[in-house]
Amino acid sequence: MKPRHLTHTDTLQLPITGNGPFNFRHTLWKPSHYATGLEAHTETRSWRTFRIDSLIIGVALTNGRDDRTISVEVFADGDYAPEHRDRLARRLTTSYGLDEDLAPFTELAADVPAMRDPLHALFGMRQSCPEDHFEIAVIALLLQNTTISRTTQMTRNLLTRHGRLVHFDGITLRAWFTPAEIAAVTAEEFKERDRLGYRAKTLPHFAAFFRDHHPEDLAAADNLVELFQQIKGVGPYTAAVMASHASRDPAVFGVDVWNRKILARRLLDTEDAAPEAIHEHLTRLFPGHAGTAALYLVEHEYLRTPVAPLLPLDAIKTWNQELRPSTS
DNA sequence: CGCCAGGTAACCC
DNA sequence: GGGTTACATGGC
């Protein structure tokens, strides 16, 4: 599979309009996130791909000098039209919470001892979710009841076989498939070829749901967690990930066996605890912002030993080699 | 081997 | 309703 070359097409300056501090590095790069090949980060620069309809866009992002702007170099092919500029700007602004008010959370956190170190180390970090609802649902699906190494393997299989490979600004990255692009793929194929196991039969349900429900419709729903759980294969965890990440509800967070133990240790001083106990505790300490609080605690846990560390600048070439499959 | 992973649906009473 | 159990797969 040869990468498609995207050419430099546009430049954006995105203002940080939301109240509160903005931490460029820890907003775009999350120490706890596993490697997908959809993005790459060095100390000062980030790259990411986006699908906007069928268009494939690559962006290179850097922090503005005043910490209140993000500079975006846009790479695309010939289909990039003026209307895409606004949609991309909105998508980036939402994905990284540039217009969100972080102050209510930081004020609550100032009074919570367990939050002292995370708040200090990650000050100004916001939720990041470059994925749309469909894409984050697939990520959450691949996290269900398995190890990160297998999640990484399944992600690689899916993106290699059904996604795209693009090259821009000196880097090679994968890009997502759209619901329409996997509409014809059978559950059997997902299982046998992409090694999805029992998850294989739920992926077609995801594609069908998001072909019929566009992101705009979802904003109108009043109980998203409930709505999302109507999709076969989406339970409380996946629905909460979708609501907290793609819908950016700061009050919501998905509890799984992994963050359950982290939060139990940090908040309750025990090795493990019931999900309800954790949820209740965090909701009481951070009314309306429990999800943001959980984000800070979990990312701080991984800050010293990131799952996918920042790349040294000179590692990009090696990275490109690894991402290109050597097999036909 | 058996157990467990960054869960969920289907089944039981 | 609330408490089991099967579900695929790979790593240890």
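Within every chain, numbering begins at 1; the chains are lettered A, B, ... in the order of the sequence lines, protein sequences first and strands thereafter.
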Do any N or O atoms of the protein come closer than 3.5 Å to N or O atoms of nucleotides 2-5 of chain B, and which pairs are they?
from  : atom 1 : to       : atom 2 : distance (Å)
B/dA5 : O3'    : A/Thr146 : O      : 3.4

A/Arg126-A/Thr292 side chain donor-acceptor pair, cut-off 3.5 Å | no

Can you list every pair that meets salt bridge (Lys or Arg N to Asp or Glu O under 4.0 Å) and has a residue in residues 282-309 of chain A, with sequence neighbours left out?
-> A/Arg265-A/Glu301, A/Arg266-A/Glu301

No-hydrogen, no-angle side-chain donor-acceptor test under 3.5 Å, A/Arg156 and A/Gln153 | no

Given the rule that I, L, V, M, F, W and Y join up when any side-chain heavy atoms are under 4.5 Å apart, are A/Val241 and A/Phe209 in one cluster?
-> yes

Answer yes if the side chains of A/Gln13 and A/Thr69 hold a donor-acceptor pair under 3.5 Å, and no otherwise.
-> no

Sub-4.0 Å heavy-atom contacts from residues 186-210 of chain A onto DNA chain B, ordered by number = A/Tyr198

Residues at least two apart in sequence or cross-chain that pass side chain to side chain contact (heavy atoms under 4.5 Å, CB included) with A/Asp249, listed by chain then number, are A/Ala251, A/Val252

Integer angstrom distance from the P of C/dG11 to that of B/dT8 | 24 Å

C/dC7 and B/dC4: how far apart are their C1' atoms, nearest whole angstrom?
-> 14 Å

Using the P atom in both, what is the distance from B/dG6 to C/dT4, to the nearest Å?
-> 23 Å

Inter-nucleotide C1' distance (C/dG3, B/dA5), Å rounded = 22 Å

Considering all heavy atoms, the nearest A/Phe177-A/His162 contact = CB-O, 3.2 Å

A/Arg90: side chain to side chain donor-acceptor pair (under 3.5 Å) partners, not counting sequence neighbours | none

Report yes or no: is the cationic atom of A/Arg48 (NZ for Lys, CZ for Arg) under 6.0 Å from the centre of the six-membered ring of A/Phe50, at an angle within 45° of the ring normal?
-> yes

Counting only non-hydrogen atoms, which of residues 127-143 of chain A are less than 4.0 Å from DNA chain B?
-> A/Leu143

